[in-house]
Amino acid sequence: MRIATWNVNSITARLPRLLAWLESTGTDVLCIQETKSTAEQFPAAQLRELGYESAVNADGRWNGVALLSRVGLEDVVVGLPGGPDFGGVQEPRAVSATCGPLRLWSVYVPNGREVAHDHYTYKLAWFEALKDAVAEDAAGARPFAVLGDFNVAPTDDDVWDPALFEGATHVTPAERAALAALRETGLSDVMPRPLKYDHPFTFWDYRELGFPKNKGMRIDLVYGNKPFTGAVSDAYVDRDARKGKGASDHAPVVVDLDL
DNA sequence: ATGCCTATTAAAAATAGA
């Protein structure tokens, strides 16, 4: 089975690429982030023509997540139970479902913006709620994984120049401690292979030649429990999907499983 | 070439991304 996670930066703008990518890679389950759509605008019909069912949590121009599956999609949970509000609302940043033998989450962790910003406090609270929400499944016997845009670089090796990130979000001890606490529930970071260069970056800014100069970050992660990681046969970042006109600023992380 | 930011909302400029 092949599963993947991809921050598409607008499902509407990315739809032609997304459909072609699903067909060319033969992906069975895809976790999507930043649909930037309402649930009504989500192209469920076109995806169904390709054989995928959709579980969507989306409400407008920002955020939005989804799960696509052609191996079953059951017991869908929309949202992060116990998750914090921002601006008085629960933003659409999580959806989970059972896809064949797997229990999976698609998550879009809040960015944080700046360390002094309310959004950063919100980010840490969101991580705390995520940890509590997944703990039981993480410790369970069923293959389980949280996939998505975590908006944290787990180590200094996961940014192209750690010195440039001094004092910025995505690299702070508190954010990395939140990741460690999540792993403590029984999850491990499934490290993908880079298909070029030394680091499996998953995001490159659109500005200043980020991609051609490989000024990237690894912030799109796959956190799986033991039954999940034990079934992993390969994992890689599909950097080809970041090339050319009309690309997202994130590349997909692909995981192959012996399941 | 992998190439100097993109998407949305809304009708110009603001917001968000990281």
Side-chain angles (χ1 to χ4, degrees), chain A residues 5-18 21 32-43 58-66 86-89 91-93 107-124 126-127 148-176 178-179 194-221 236-253:
Chain A
T5 182
W6 191 6
N7 179 324
V8 296
N9 186 20
S10 170
I11 188 110
T12 308
R14 219 62 60 212
L15 189 60
R17 270 185 178 255
L18 173 63
W21 187 86
I32 294 174
Q33 300 84 38
E34 285 208 81
T35 64
K36 291 186 171 177
S37 71
T38 61
E40 292 71 29
Q41 291 164 336
F42 191 86
D59 67 5
R61 69 185 296 195
W62 307 121
N63 314 309
V65 291
F86 189 74
V89 297
E91 296 181 316
R93 295 181 176 275
V107 301
Y108 178 49
V109 177
N111 171 289
R113 299 182 189 168
E114 293 166 28
V115 172
H117 201 285
D118 284 351
H119 211 259
Y120 179 78
T121 313
Y122 167 55
K123 181 180 194 174
L124 295 177
W126 205 91
F127 265 121
D149 180 352
F150 284 64
N151 268 319
V152 180
T155 74
D156 281 352
D157 226 26
D158 296 312
V159 296
W160 83 93
D161 184 355
L164 290 177
F165 285 82
E166 294 268 348
T169 61
H170 293 64
V171 300
T172 65
E175 288 166 280
R176 287 174 174 171
L179 281 185
L195 296 185
K196 194 177 180 182
Y197 306 124
D198 301 337
H199 300 271
F201 295 145
T202 65
F203 164 84
W204 300 261
D205 201 293
Y206 285 126
R207 293 163 287 191
E208 299 176 341
L209 294 171
F211 184 62
K213 293 180 175 175
N214 201 31
K215 292 184 172 179
M217 307 172 75
R218 185 175 76 93
I219 54 176
D220 299 272
L221 309 176
Y236 64 93
V237 180
D238 186 1
R239 70 187 304 283
D240 287 346
R242 179 63 178 79
K243 294 179 179 176
K245 245 185 148 51
S248 170
D249 43 3
H250 295 251
V253 179

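So that the names make sense, note that chain A is the first sequence line, chain B the second, and so on, each numbered from 1.
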Colleague: For A:Thr12, which residues count as a side-chain hydrogen bond (donor to acceptor under 3.5 Å, both in side chains) partner, sequence neighbours excluded?
Modeller: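 Checked A:Thr12 against side-chain hydrogen bond (donor to acceptor under 3.5 Å, both in side chains); zero matches.
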Colleague: Categorize A:Asp149 for me: base, sugar-phosphate, or nothing, with a 4.0 angstrom heavy-atom threshold over every strand shown.
Modeller: sugar-phosphate
Colleague: Taking OP1 and OP2 of B:dT6, is either one under 4.0 Å from a side-chain nitrogen or oxygen of A:Ser10?
Modeller: no
Colleague: Take the protein atom CD of A:Gln33 and the nucleotide atom C1' of B:dA18, then report the distance between them rounded to whole Å.
Modeller: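 Rounded to the whole Å, the gap is 15 Å.
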Colleague: Distance between the P atoms of B:dA12 and B:dG17, in whole angstroms?
Modeller: 26 Å
Colleague: If you assign A:Gly246 and A:Ile219 each to the DNA chain B nucleotide with the nearest heavy atom, which residue ends up on the more 5' nucleotide?
Modeller: A:Gly246
Colleague: Taking the side chain as C-beta and beyond, is there a heavy-atom pair between A:Val171 and A:Arg176 under 4.5 Å?
Modeller: yes
Colleague: Is any side-chain heavy atom of A:His250 closer than 4.5 Å to a side-chain heavy atom of A:Met217?
Modeller: no
Colleague: At a heavy-atom distance below 4.0 Å, what parts of residues 166-176 of chain A sit against DNA chain B?
Modeller: A:His170
Colleague: Kindly give the atom pairs (protein nitrogen or oxygen, nucleotide nitrogen or oxygen) under 3.5 Å for nucleotides 3-5 of chain B.
Modeller:
unit_1	atom_1	unit_2	atom_2	d
B:dG3	OP1	A:Gly244	N	3.2
B:dC5	OP2	A:Glu208	N	3.4
B:dC5	O4'	A:Tyr206	O	3.3
B:dC5	O4'	A:Arg207	N	3.3

Colleague: Using OP1 and OP2 only, check whether a side-chain N or O of A:His119 sits under 4.0 Å from B:dA18.
Modeller: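 So the side-chain polar atoms of A:His119 never come under 4.0 Å of the phosphate oxygens OP1 or OP2 of B:dA18.
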Colleague: Distance check, C1' atoms only: B:dG3 and B:dT9, in whole angstrom units.
Modeller: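 Between the two C1' atoms, the distance is 29 Å.
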Colleague: Side chain to side chain contact (heavy atoms under 4.5 Å, CB included) with A:Asp118: which residues, sequence neighbours excluded?
Modeller: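 Per chain and number, A:Asp118 pairs via side chain to side chain contact (heavy atoms under 4.5 Å, CB included) with A:Phe86.
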Colleague: Check whether any side-chain nitrogen or oxygen of A:Arg113 sits under 4.0 Å from OP1 or OP2 of B:dA18, and answer yes or no.
Modeller: no
Colleague: On the nucleotide B:dA18, are OP1 or OP2 found under 4.0 Å from the side-chain N or O atoms that A:Tyr108 carries?
Modeller: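 Looking at the OP1 and OP2 atoms of B:dA18, one of them is under 4.0 Å from a side-chain N or O of A:Tyr108.
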Colleague: Rounding to an integer number of Å, can you tell me how far A:Glu34 CD sits from B:dT6 C1'?
Modeller: 11 Å
Colleague: Please list all pairs meeting salt bridge (Lys or Arg N to Asp or Glu O under 4.0 Å) that have one or both residues in residues 197-213 of chain A, counting only residues at least two apart or in different chains.
Modeller: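 Qualifying pairs: A:Asp205-A:Arg207.
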Colleague: Considering residues at least two apart in sequence or located in another chain, which fulfil the ring pair (Phe, Tyr, Trp, His ring centres under 6.0 Å) criterion with A:Trp62?
Modeller: none
Colleague: To the nearest Å, give me how far apart CG (A:Asp59) and P (B:dT9) are.
Modeller: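 Atom CG in A:Asp59 sits about 11 Å away from atom P in B:dT9.
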Colleague: Using a heavy-atom cut-off of 4.0 Å across all strands, would you classify A:Asn151 as base, sugar-phosphate, or nothing?
Modeller: sugar-phosphate
Colleague: Could you tell me the separation between the CZ atom of A:Arg242 and the OG1 atom of A:Thr202, rounded to the nearest 0.5 Å?
Modeller: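 It is 11.0 Å, given to the nearest 0.5 Å.
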Colleague: Sequence neighbours excluded, which residues qualify as ring pair (Phe, Tyr, Trp, His ring centres under 6.0 Å) partners of A:His117?
Modeller: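 A:His117 satisfies ring pair (Phe, Tyr, Trp, His ring centres under 6.0 Å) with no other residue.
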Colleague: Would you say A:Arg17's side chain and A:Gly246's backbone share a donor-acceptor pair under 3.5 angstrom?
Modeller: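 A pair under 3.5 Å: yes.
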Colleague: Roughly, in whole Å, what's the span from CG in A:Asn63 to P in B:dT15?
Modeller: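 So the two atoms are 16 Å apart, to the nearest Å.
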Colleague: Could you work out, with ring pair (Phe, Tyr, Trp, His ring centres under 6.0 Å) as the rule, every residue matching A:Tyr108, not counting sequence neighbours?
Modeller: none
Colleague: Could you tell me how far apart A:Lys36 (NZ) and B:dA14 (P) are, to the nearest whole angstrom?
Modeller: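 One finds 18 Å between P of B:dA14 and NZ of A:Lys36, rounded.
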Colleague: Taking the nucleotide of DNA chain B with the nearest heavy atom to each, does A:Ala13 or A:Met217 sit closer to the 5' end?
Modeller: A:Ala13
Colleague: By ring pair (Phe, Tyr, Trp, His ring centres under 6.0 Å), which residues pair with A:Tyr236, not counting sequence neighbours?
Modeller: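 Partners of A:Tyr236 under the ring pair (Phe, Tyr, Trp, His ring centres under 6.0 Å) test: none.
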Colleague: Between B:dA16 atom C1' and A:Tyr122 atom OH, what is the distance in whole Å?
Modeller: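 Distance check: A:Tyr122 OH to B:dA16 C1' gives 14 Å.
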Colleague: Check every strand shown and say whether A:Phe203 touches a base, only sugar-phosphate, or nothing at a heavy-atom separation below 4.0 Å.
Modeller: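 The answer is sugar-phosphate, as A:Phe203 gets under 4.0 Å only of primed atoms, P, OP1 or OP2.
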Colleague: Does a nitrogen or oxygen in the side chain of A:Asn9 sit under 4.0 Å from OP1 or OP2 of B:dA7?
Modeller: no
Colleague: Remember a base hit wins even if backbone is also touched, and classify A:Thr12 as base, sugar-phosphate or nothing at under 4.0 Å, heavy atoms.
Modeller: sugar-phosphate
Colleague: Starting at CG of A:Leu221 and ending at C1' of B:dA18, how long is that distance when rounded to a whole Å?
Modeller: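 Interatomic distance, CG of A:Leu221 to C1' of B:dA18: 14 Å.
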Colleague: Pick the C1' atom in B:dA18 and in B:dT6, then give their distance to the nearest Å.
Modeller: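 Between the two C1' atoms, the distance is 13 Å.
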Colleague: With rounding to whole Å, what would you report as the distance between B:dC5 and B:dA10 at their P atoms?
Modeller: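 Nearest-Å result for B:dC5 against B:dA10 at atom P: 26 Å.
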Colleague: What is the distance, to the nearest angstrom, from the NE2 atom on A:His117 to the C1' atom on B:dG17?
Modeller: 13 Å
Colleague: May I ask you to say what A:Tyr197 touches in the nucleic acid, namely base, sugar-phosphate or nothing, with a heavy-atom cut-off under 4.0 Å?
Modeller: base
